[in-house]
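Only this structure's heavy atoms are used, side chains among them; waters, hydrogens and symmetry mates stay out.
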Amino acid sequence: MIDYHARMSDRRRVVLLVNTDKPDAREALPTIRALLASHADLVGECEANACPDESLKADLAVVLGGDGTILAAARSLAERAVPLLGVNFGKVGFLAEFEPAALVQQAPTLFNPGAPLPTRDAVLLGATIERAGGPPEDLGLALNECSIAAGPPFRMIALDLSIDGQPGPLLQGDGVIVATPTGSTAYNIAAGGPILAPTTPCLVVTPVAAHSLSFRSIVVPQDAEIRITVRRANHHEFNHGAGTTLVLDGQRMAPLREGDRVRIQIHPKPLRVVTNRRANYWQTLIRKMHWAVAPGER
């Protein structure tokens, strides 16, 4: 980590979070560091997934990396109410609003303390596991989704769903995904769930390979409390590793057994995401995800 002494000025205080495992991010780092220093007070620099708490005392965090980097940084930044400006150095980079060239072009406006930051609030999900005979286990926060995966030996599992205390169906299949609007274009869409506009106040629940032709995704209010009780699970003894597992953003995991209950609801503090005024969400869907593009036209 690199610490800087902040100058006493009216400029925005910026911390730079970098995924140095990305060669392009490492190569661009000197240029972006100089760009930020010319427009703002650069008060810290560190690895995106290992930033000490004291380095996050800033007005803005600029994150260099791919979607995984942004997912890792989002949890810490939301807790400290620091807006996140993502610069894409990944493959798709759907969560990053800016490409490097766009950051350079818009830097005078973005880092001007006299101009309001263009932001949107991205909800995060909190997940808690309730196990028999033990205290609730807080697994943390997710920006994209909380999912339950069947895991090895990959037999069908069974999950009881309830929403706001009202009993729902028994889901039998390979698992379930609870996604935010931000995460609707991630695991959710791969499992056949709908795309949600990022500011839509809702969540989506999508089954994974449900053992039923009539089990479809459902969209629920943003403030809904979703509880999932594990009725049948796969066990790690079969494979010297995790069986049925609760997974947050593909990064945090906890094993599940029969009788465990998972409670999922939005976190009270959203993540403030700096948006690109010169980009359009629907055009981004077309450009990065080839939304509705006819075969042979890519």
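- Between W282 and W291, the ring planes are tilted. Angles from 30° to 60° get that label.
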Run L103 and L110 through side chain to side chain contact (heavy atoms under 4.5 Å, CB included) and show every step you take. CA-CA 8 Å; L103 179 68; L110 289 169; 4.1 Å; yes
Candidate pair L124 and T180, rule side chain to side chain contact (heavy atoms under 4.5 Å, CB included), full reasoning: CA-CA 7 Å; L124 295 113; T180 66; over 6 Å; no
List the steps and the verdict of side chain to side chain contact (heavy atoms under 4.5 Å, CB included) for F94 and N88. CA-CA 8 Å; F94 196 79; N88 180 36; over 6 Å; no
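- Residues satisfying the side-chain hydrogen bond (donor to acceptor under 3.5 Å, both in side chains) test with S184, not counting sequence neighbours, are none.
- Annotation: side chain of E97 is in contact with side chain of V273 (closest heavy-atom distance under 4.5 Å).
- Closest of all the heavy-atom pairs between A186 and E145 is CB-OE1, 3.8 Å.
- In this structure, R272 has no salt bridge (Lys or Arg N to Asp or Glu O under 4.0 Å) partners at least two apart in sequence or on a different chain.
- Legend: residues meeting side-chain hydrogen bond (donor to acceptor under 3.5 Å, both in side chains) with T31, ordered by chain and number and at least two apart, are absent.
- Evaluation of the salt bridge (Lys or Arg N to Asp or Glu O under 4.0 Å) rule for E99 yields K288 as partners, not counting sequence neighbours.
- Between L141 and E79, the closest side-chain pair of non-hydrogen atoms falls below 4.5 Å.
- Using a 4.5 Å cut-off between side-chain heavy atoms of Ile, Leu, Val, Met, Phe, Trp and Tyr, with links allowed through other members, I226 and I266 fall into the same hydrophobic cluster.
- Every pair tested for salt bridge (charged side-chain N to carboxylate O under 4.0 Å, His left out) that includes a residue from residues 102-114 fails, sequence neighbours excluded, so the list is empty.
- Remark: the backbone N or O of A197 is paired with a side-chain donor or acceptor of T200 at under 3.5 angstrom.
- D59 meets the side-chain hydrogen bond (donor to acceptor under 3.5 Å, both in side chains) test with no other residue; sequence neighbours excluded.
- P207 and A210 make their closest contact through CB-CB, 3.9 Å (heavy atoms, listed as atom of the first residue, atom of the second, distance).
- Taking the side chain to side chain contact (heavy atoms under 4.5 Å, CB included) definition, one finds that A61 meets it with V15, L17, L77, V82, sequence neighbours left out.
- Residues I32 and F89 form a side-chain contact, since some pair of their non-hydrogen atoms from C-beta on lies under 4.5 Å apart.
- Each side chain to side chain donor-acceptor pair (under 3.5 Å) pair with one or both residues in residues 157-173, not counting sequence neighbours, appears once here: D160-R231, Q172-R232.
- Shortest non-hydrogen contact noted between A254 and L139 is CB-CD1, 3.9 Å.
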V274 and F98: CA distance, side-chain angles, deciding distance, side chain to side chain contact (heavy atoms under 4.5 Å, CB included) verdict: CA-CA 9 Å; V274 179; F98 294 84; 4.1 Å; yes
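- Atom OG of S38 sits about 7.5 Å away from atom CZ of R11, to the nearest 0.5 Å.
- Atom CZ in F111 sits 14.5 Å away from atom CZ in R13 (nearest 0.5 Å).
- I189 is linked by a side chain to side chain contact (heavy atoms under 4.5 Å, CB included) to I195, M289, counting only residues two or more places apart in sequence or in another chain.
- Linking ILVMFWY residues whenever their side-chain heavy atoms come closer than 4.5 Å, directly or via other members, places L16 and L117 in the same cluster.
- Looking at P181 and V123, their side chains come closer than 4.5 Å, going by heavy atoms from C-beta outward.
- The closest side-chain heavy-atom distance from Q251 to L71 is below 4.5 Å.
- Here R277 pairs with T109, P118 under the side chain to side chain contact (heavy atoms under 4.5 Å, CB included) rule; sequence neighbours left out.
- Atom OG in S147 sits 8.5 Å away from atom CE in M253 (nearest 0.5 Å).
- The backbone N or O of G140 lies less than 3.5 Å from a partner atom in the side chain of D138, making a donor-acceptor pair.
- Heavy atoms only, all atoms of each residue included: L35 and A107 are closest at CD1-CB, 3.9 Å.
- Among T245, I177, I228, the one residue that satisfies the side chain to side chain contact (heavy atoms under 4.5 Å, CB included) test with I148 is I228.
- Both L246 and L203 are assigned to one and the same hydrophobic cluster, defined by single-linkage of ILVMFWY side chains at heavy-atom distances under 4.5 Å.
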List the atom pairs, with distances to 0.1 Å, where a side-chain N or O of residues 125-133 and a protein N or O form a donor-acceptor pair under 3.5 Å, not counting sequence neighbours.
residue	atom	partner	partner atom	Å
E130	OE1	R227	NH1	3.3
E130	OE1	R261	NE	3.4
E130	OE1	R261	NH2	3.1
E130	OE2	R227	NH1	3.3
R131	NE	E137	OE1	3.3
R131	NH1	P255	O	3.1
R131	NH1	D260	OD2	2.6
R131	NH2	E137	OE1	3.3
R131	NH2	P255	O	2.9

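- Judged by distance alone, the side chain of T244 and the main-chain N or O of A150 form a donor-acceptor pair under 3.5 Å.
- Distance OG1/T185 to CG/L196: 9.0 Å, rounded to 0.5 Å.
- Residues F215 and V219 are members of separate hydrophobic clusters, defined by side-chain heavy-atom contacts under 4.5 angstrom among Ile, Leu, Val, Met, Phe, Trp and Tyr.
- Transitive grouping of hydrophobic side chains (ILVMFWY, heavy atoms separated by less than 4.5 Å) brings V205 and V230 into a common cluster.
- Between V262 and L256 the shortest side-chain heavy-atom distance falls below 4.5 Å.
- Here the CG atom belonging to D24 is positioned 11.0 Å from the CG atom belonging to N19, to the nearest 0.5 angstrom.
- Residue pairs meeting the side chain to side chain donor-acceptor pair (under 3.5 Å) criterion with at least one partner in residues 204-213, sequence neighbours excluded, are N188-T206, T206-S217, S212-S214.
- The line from OG1 of T275 to CZ of R278 is 12.5 Å long, rounded to the nearest 0.5 Å.
- Using a 4.5 Å heavy-atom threshold, the side chains of R12 and H39 count as separate.
- The minimum heavy-atom distance linking I70 with G86 is given by the pair CD1-CA, 4.0 Å.
- Contact annotation: the side chain of L143 approaches that of L271 to within less than 4.5 Å [non-hydrogen atoms, C-beta and beyond].
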